[in-house]
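Below is one structure, written out as structure tokens, with a few remarks after it.
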Amino acid sequence: MNWPLAPTDVPIGDGLYAGARECPSSLENLCQLVRDHRAAGSAIYPQGGATALDYGGVPARPGVVIDVRGLDQVIDYPAGDMTITVEAGMTVQRLTALLAAEKQRLPLDIPFADRATLGGAFATAVSGPRRFGWGRPRDQILGIQFVKADGQVVNGGGRVVKNVAGYDFPKLLTGSLGSLGILTQMTLRVRPIPESSAVAFASCPTLEDAAEALERLNLSETRPVALELLNPSAVGWYQSRGLPLISGAWTVVVGLEDNQAAVSWQVEKLREELGSLGAKLEVLSDGHADPAWDALMHFAVQPPGRLTLKVSVRPSEVPNLFGELDSGLWALQAHAGNGIVWCHWIGPSEGNSLADLLPEVDRVRSLAIRGGGTLMIPHCPTPWKERLRVWGEPRSEWPLMARIKETLDPEGVMNPGRFLGTIH
Amino acid sequence: MASATLPAISGSVFEALQADLTAALGADGVLAHLDERLVYECDGYVVEKSVPDLVVFPTSTEEVVAVVKACNKHNVPFVPRGAGTSLAGGTLAVGGGVMICLTRMRRILEINIRDRYAIVEPGVVNVWLTRALAGTGLHYAPDPSSQGACTLGGNVATNSGGPHTLKYGVTVNHVLGVELVLPDGTVVEIGGVTEDAPGYDMAGLVVGNEGTFGIVTRVIVRLSRDPEAGRTFLGVFASVEDSAAAISGIIAAGIVPAALEMLDNLLIRAIEDAFKFGFPTDAGAVLIIETDGLEAGQDREAEAIVKIVEENRGEIRKRIPWRTRTEPDYVAIWKSRKSAFGAIGRLSPSYCTQDGVVPRTKLPEIMRRIQAISKESGLRIGNVFHAGDGNIHPIVLFDERDPKQVERALDASHQILDACIELGGSVTGEHGIGVEKLSFMPKLFAAEDLATMVQIRKVFNPDDRCSPRKMLPTGAGCIEKTHPGRHASA
């Protein structure tokens, strides 16, 4: 099988196209399609809402898209159990509406909710600011069903909130980027929608002030569910979305969700704790906080330039990393409580080539690795991907991952090229 | 018996292995005499017994590697063990071999308050970490009832839970990484102190492996911010049904309690007799309901809970506001709950417990089934539940001197687990499959699911030399249980 000679209407990212888009209407149909295309020697690129098509390495060989959006039914929603079982093709927006009818929600930040599917969200393990308080996709998934490269259906976990029978396939598949199989169904833990929420922007004149605020917030009397840090360039982006941030400030963002009494108390407490540090506080509450939450979860996925880095460090190292990256060249937002830093390149168009940026990427990567962290590249021009090593330096656990991949997909049918260097 | 299916170790192999292990660990790191090894013939699951051929006590990762390599050299199976509190035979030395006791690897290596993690050796007892963190503002969330004895390595192996998992999750939600000695002696760093390392969620996969992936020699756990305050209530009900309706009401009101425990009349009487906390012995059921968070938000939740309990014909008999969890009433109520299994000894010469799970909304249904099973078997069955999770611990009372009762107790336990599966649940919420529940795996999972699990085990443990015949049924290795257990705590 060859790559299509001309672009088709089935993009798979990185400027590449699939030979066909298959839209199975049932699980059996999907399994048959997997078997048929594998037998024909085709690679399989699972797809949902196509909101993260360029994520990861470059697709390695020609193939077809299996689009799971036709599998979008609710299998079971026992609201009193605070769980829901749904097919993977359901959009996040639809799930949100279903849950809202029972005053519940999935406490994850998933961008582009109108298009993003649950399968895609869990395959990419997307997360946002609320991970500080509510955890990541791995913490919300209880059961999974997926279809392996041989067309077999595999189930793991279960539909109850507590279950230790068998290996934790829900965790293994979450974040596996379609490389082990196609996610077809999942059981998720859901939570009551908090009665009240607030987002507080604390503007600090210097990075040192912001670092002190974060230090203080670590053992704050409040219990934030989000703890973010923005550099002055990122502040500009928030201002462009109409949010009341102060130009030029290093901004600590505190997200609160709880009952009304607890949120109000925390807002007052924050004024006390951060006011004494000289930070200027702007608080958006309840409905007014929604655009702020929305912006906080979309910054990472709306790169203004050619290059975006995702750096993982210890939370205490976040301010140092901010200090190492020129605010004129990088717009930065950190999930500071978790040590995750999103870095968008905003440098001038001259000095924007791979040769110009490679040393900078290497420098930041070595800073991350020095503290036991990692750097991966969620966004860059396709031709740069190999040189920049999208997934970073090999780690001692990678050979095990490669063996898992070889075991479940010996012919390398599922999403080839996308994941770690050793996994094709 | 399982031991018959694995070859016994010959005398010459045994001597050579003992010499290698003694060279690696020193004489005081190896137990060879039968009378010393007998202690290790079983764990909290006493039905199956198998004496390991040698018991070793490594004190470092390097020593664990040396032990594993020696076992490989002599083709002898090995099994890790922490405190041996498993209620499912998770540390049974099936077929003998070398038992690797990790209780001498018991240092807390690092506590990092700013970055909210701790690094511990596997033999650290769960409560030691709790104590080490007291006053720091942070804690390690999973608190199994056996936390005074069970080790963090064992918690990782079984993905332990406890009474506070409804709000805070189980072990896997609090493990950032581990150091793992693979069955071939390779040391692998899984995860780490930073989050989102690229690749599969290996930490997520390794937690709950029940010792079948290798030996965990170091654990990086996440630390959580302490709740500022809480309220613990004792709600008293005339019937189990009323208590179940109150549970549903609390969840429907959008409250996620930190703990929600139910005890039925049989357990209430046993506990009251033992601890004199003030449980009403005529009640059909009690709920221990705990909320936590910011003091500012507590009264509202408290009012809502009182109202829901009363609406369901219940009565709040105790209301314990707390800040430090050292308040006498707080300590007393939880001591009573966590020692519930110990108190059962007063009621019956023998008992066995199960660890089934049902969807929370099916609690009334499983209670009816258990009552019917009790009636039919003629055996008393008491109940203590992690009700918020739907995790049930039915306790079947019997007299092991009467073989017919033993058989009926076993049947009753199996029927209860079958009912859990039928209601959409699981056969284990926190104890693990071990050897005890191997025969239920094919009822929970399809052949393809189990085959895939075997494939994954082979990635780590290709020769099945580490913890053989555990967790996953193999045609030859399925252990037929002939005798129910006598259990310590859950």
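So you know, we letter chains A, B, ... as the sequences are listed, proteins then strands, and number each from 1.
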Q: Spell out, as yes or no, whether a donor-acceptor pair under 3.5 Å connects the side chain of A:R395 to the backbone of B:G191.
A: yes
Q.
Determine whether a donor-acceptor pair (N or O, by modelled atom type, separation under 3.5 Å) exists between the side chain of B:R225 and the backbone of A:S220.
A. yes
(Q) B:D196 vs A:N338, test: side chain to side chain contact (heavy atoms under 4.5 Å, CB included). Steps then yes/no. (A) CA-CA 9 Å; B:D196 290 11; A:N338 299 88; over 6 Å; no
Q.
Under a 4.5 Å cutoff for heavy-atom pairs, which residue among B:L166, B:V207, B:N112, B:V427 has the most contacts with chain A?
A. B:L166
Q) Given the options A:G339, A:S176, A:G158, which has more heavy-atom pairs under 4.5 Å with chain B than any of the others? A) A:S176
Q. If you count heavy-atom pairs under 4.5 Å between each of A:N163, A:D168, A:L408 and chain B, which one has the most?
A. A:N163
Q | Heavy-atom pair with the smallest gap, counting every atom of B:L444 and A:A165 | A | CD1-CB, 3.5 Å
Q | Selection from B:T165, B:D299, B:L450 maximising heavy-atom pairs under 4.5 Å formed with chain A | A | B:T165
Q: Please check if atom NZ in B:K458 has more than 12 non-hydrogen atoms from other residues, nucleotides or ligands closer than 6.0 Å.
A: no
**Q.** Side chain, backbone, both or neither of A:E102 within contact of chain B (heavy atoms, under 4.5 Å)
**A.** neither
Q: Select one option (side chain, backbone, both, neither) describing which atoms of B:F440 are under 4.5 Å from chain A's heavy atoms.
A: neither
Q) With only heavy atoms counted, which part of B:S224 is less than 4.5 Å from chain A, the side chain, the backbone, both or neither? A) neither
Q. Stepwise, does the side-chain hydrogen bond (donor to acceptor under 3.5 Å, both in side chains) test hold for B:Y200 with A:S179?
A. CA-CA 10 Å; B:Y200 303 135; A:S179 66; 2.7 Å; yes
Q. Looking at B:V187, B:L180, B:V172, B:N159, which has the largest count of heavy-atom pairs under 4.5 Å with chain A?
A. B:V172
Q. Which bit of B:I190 is near chain A, if near means a heavy-atom gap under 4.5 Å: side chain, backbone, both or neither?
A. both
Q.
Please classify the contact of A:V263 with chain B as side chain, backbone, both or neither, using a heavy-atom distance under 4.5 Å.
A. neither
Q: Select, from B:R457, B:K437, B:E295, the one with the greatest count of heavy-atom pairs under 4.5 Å involving chain A.
A: B:R457
**Q.** N/O donor-acceptor pair under 3.5 Å between B:R360 side chain and A:D81 backbone
**A.** yes
Q) Tell me, side chain or backbone of B:S248 under 4.5 Å from chain A's heavy atoms, or both, or neither? A) neither
Q: Return yes if some donor-acceptor pair links the side-chain N/O of A:S312 with the main-chain N/O of B:E195 below 3.5 Å, else return no.
A: yes
Q.
Please find the pair of heavy atoms, one from A:T222 and one from B:L294, that lie closest to each other, and give the distance.
A. CA-CD2, 4.5 Å
Q.
Nearest 0.5 angstrom please: B:M202 CE to A:E397 CD, how far?
A. 6.5 Å
Q: Please confirm whether the backbone N or O of B:E189 pairs with a side-chain atom of A:S396, one donor and one acceptor, at under 3.5 Å?
A: yes
Q) Of the listed residues (B:A203, B:G254, B:G199), which shares the most heavy-atom pairs with chain A below a 4.5 Å separation? A) B:G199
Q) So which of A:Q104, A:K103, A:K148 has the biggest tally of heavy-atom pairs under 4.5 Å with chain B? A) A:K148
**Q.** Residue part contacting chain A, namely of B:T186, when any heavy atom lies under 4.5 Å
**A.** neither
Q. What heavy-atom pair brings A:M376 and B:P198 nearest, and what distance separates the two atoms?
A. CB-CG, 4.2 Å
Q | Closest contact, heavy atoms only, B:A296 versus A:A262 | A | CB-CA, 4.2 Å
(Q) At a 4.5 Å cut-off on heavy atoms, which part of B:R300 comes close to chain A: side chain, backbone, both, or neither? (A) side chain
Q) B:G137, B:G208, B:G425, B:A197: which one forms the most heavy-atom pairs within less than 4.5 Å of chain A? A) B:A197
Q: Against chain B, label A:E215 side chain, backbone, both or neither, depending on which of its atoms sit under 4.5 Å from a heavy atom there.
A: both
**Q.** Closest heavy-atom pair and its distance - B:V188, A:L400
**A.** CG1-CD1, 4.0 Å
**Q.** Side chain, backbone, both or neither of A:L214 within contact of chain B (heavy atoms, under 4.5 Å)
**A.** both
Q: Walk me through it: do A:R138 and B:D201 pass the test salt bridge (charged side-chain N to carboxylate O under 4.0 Å, His left out)?
A: CA-CA 8 Å; A:R138 75 191 294 274; B:D201 183 356; 2.7 Å; yes
(Q) Within this structure, what is the CD-CG distance for the pair B:Q298 and A:N259, rounded to the nearest 0.5 Å? (A) 8.5 Å
(Q) Taking side chain as everything from C-beta outward and backbone as N, CA, C, O, which of these in B:R222 sits under 4.5 Å from a heavy atom of chain A? Side chain, backbone, both or neither. (A) side chain
Q. Is there a donor-acceptor pair under 3.5 Å between the side chain of B:D449 and the backbone N or O of A:N155?
A. yes
Q. Chain B: which of A:L172, A:L219, A:V153 shares the most heavy-atom pairs with it under 4.5 Å?
A. A:L219
**Q.** Interface residue of largest heavy-atom contact number with chain B, from A:L180, A:D258, A:D76, A:L173, under 4.5 Å
**A.** A:L180
Q. Does the B:D115 side chain pair with the main chain of A:S316, one donor and one acceptor, at a distance under 3.5 Å?
A. yes
(Q) Between A:K162 and B:E430, is the salt bridge (charged side-chain N to carboxylate O under 4.0 Å, His left out) condition met? List the steps. (A) CA-CA 7 Å; A:K162 200 168 167 192; B:E430 53 188 5; 2.9 Å; yes
Q) Using non-hydrogen atoms only, which part of B:M453 is less than 4.5 Å away from chain A: side chain, backbone, both, or neither? A) both
Q | Spacing of CD belonging to A:Q266 relative to CD belonging to B:E228, to within rounding of 0.5 Å | A | 9.0 Å
**Q.** Greatest number of heavy atom pairs closer than 4.5 Å to chain B - which of A:A261, A:P315, A:G156
**A.** A:P315
Q) Contact part of A:I340 toward chain B, heavy-atom cut-off under 4.5 Å: side chain, backbone, both or neither? A) side chain
Q) Within the side chain of B:N209, is there an N or O that forms a donor-acceptor pair under 3.5 Å with the backbone of A:Y167? A) no
Q. Minimum heavy-atom separation for B:V256 to A:P192, with atom names?
A. CG2-CD, 3.5 Å
(Q) Set out, in order, the CA-CA distance, both residues' side-chain angles and the distance that settles side-chain hydrogen bond (donor to acceptor under 3.5 Å, both in side chains) for A:N218 and B:R116, then state yes or no. (A) CA-CA 9 Å; A:N218 186 43; B:R116 295 193 180 182; 2.9 Å; yes
